[in-house]
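Quick note: residue numbers are just sequence positions, from 1. Computed from a predicted model, the values in this text were never measured in an experiment.
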Amino acid sequence: KWVVHSWKLFAILVPVVAIVWHQLGGWLNWQPLRPGESAVVTIIASDEVSSLAVLRTSANLAVETPPVRVQVPPEVNWRVGIREDGPAWLEIEQASTQHRVPVAVGSRPMRITPRHVSAPRTGTVIIHYPAAEYWIGWMQITWQVVFVVVALLADALCRMVTAVGDWSRP
């Protein structure tokens, strides 16, 4: 009988943990670009016309390389450098359409979405952000390990404060 009840709890908790896990990934998986760093911007084109796109940037960004075009799949790549902190954007222009994509620049944590799906003619825009790094001494760990450790510590703290699971008391 306890197996049936544990499956109900499992069915309730798995979607909640999956949603929290996915949301935390946006905050903890990548780090924003800092002044002096650079990133590759890729447009995966939906057709041959969109591979003729032109890239414009905000004042605190600089396009460091000319477009590198790949035939199959049709895509265009640029290297973009960060000059200074502040709000930043890329503008993709092709034919008569324009699409503006925000770029995460700064030193504070922020939610990062590296893949931006734009209008059907422009295709998919990907900004290759650097992976976030977490260190414990000399070991580099992923944010998932940090999440599990913090969740276990929070669970232990809540149990101590509320005395849940203390079977010695009547």
Item checked: Side chains of V146 and L28 in contact at under 4.5 Å (non-hydrogen atoms) -> no
Margin query: If we check side-chain contact (heavy atoms from CB on, under 4.5 Å) with V148, which of these qualifies: V150, L152, V145?
Written below: L152
Note to self: Assigning hydrophobic clusters by single linkage (Ile, Leu, Val, Met, Phe, Trp, Tyr; side-chain heavy-atom cutoff under 4.5 Å), is W7 placed with V14?
What the structure shows: yes
Next item on the list: Start with the C-alpha distance between H22 and I19, add both sets of side-chain angles, then the distance that settles side-chain contact (heavy atoms from CB on, under 4.5 Å), and finish with yes or no.
Entry: CA-CA 5 Å; H22 178 71; I19 290 170; 5.9 Å; no
Check: Which pair of heavy atoms, one from P130 and one from E37, lies closest together, and at what distance?
Finding: CG-OE1, 4.3 Å
Checklist line | Heavy-atom check, side chain of W78 versus side chain of L90, under 4.5 Å | finding: no
Margin query: As an exercise, state the distance from CZ of R83 to OG1 of T57, rounded to the nearest 0.5 Å.
Written below: 7.0 Å
Checklist line | Validation row: V41, I126 side chains within 4.5 angstrom (heavy atoms) | finding: no
Note to self: Could you go through V76 and V68, starting from their C-alpha distance and side-chain angles, then the distance that decides it, and tell me whether this counts as side-chain contact (heavy atoms from CB on, under 4.5 Å)?
What the structure shows: CA-CA 6 Å; V76 186; V68 176; over 6 Å; no
Check: Once you round to the nearest 0.5 Å, how far does CD of E75 lie from CZ of R69?
Finding: 11.5 Å
Notebook entry, point to check: What is the distance from atom CD1 of I82 to atom OG of S58, rounded to the nearest 0.5 Å?
Noted result: 8.0 Å
Next item on the list: Begin from the C-alpha positions of D85 and V105 and carry the test side-chain contact (heavy atoms from CB on, under 4.5 Å) through to its verdict.
Entry: CA-CA 6 Å; D85 256 347; V105 175; 3.8 Å; yes
Checklist line | Atom pair CD (Q140) and CH2 (W135), whose distance is rounded to the nearest 0.5 Å | finding: 4.5 Å
Notebook entry, point to check: So, for R34 and G106, which heavy atoms are closest and what is the spacing to 0.1 Å?
Noted result: CG-O, 3.6 Å
Next item on the list: Locate the shortest heavy-atom distance separating R79 from S38; write the atom from each residue and the value.
Entry: NH1-OG, 3.2 Å
Margin query: Is there a path of hydrophobic side-chain contacts, each under 4.5 Å between heavy atoms of I/L/V/M/F/W/Y residues, joining V40 to I127?
Written below: no
Margin query: Quick check: closest heavy atoms across Q31 and E133, and the distance to 0.1 Å?
Written below: OE1-N, 4.3 Å
Check: Taking everything shown except I136 itself, do over 12 heavy atoms lie less than 6.0 Å from its CD1?
Finding: no
Next item on the list: Look at the aromatic rings of W21 and F147 and report parallel, tilted or perpendicular, splitting at 30° and 60°.
Entry: perpendicular
Notebook entry, point to check: Under the side-chain contact (heavy atoms from CB on, under 4.5 Å) criterion, do Y134 and T142 qualify, and how do the steps go?
Noted result: CA-CA 6 Å; Y134 301 97; T142 65; over 6 Å; no
Checklist line | Nearest heavy-atom neighbours spanning G81 and E64 | finding: CA-OE2, 3.2 Å
Check: Any idea which heavy atoms bring M110 and A104 closest together, and the distance?
Finding: SD-CB, 3.4 Å
Next item on the list: Tell me whether I112 is reachable from W89 by hopping between hydrophobic residues (I, L, V, M, F, W, Y) whose side-chain heavy atoms are closer than 4.5 Å.
Entry: no
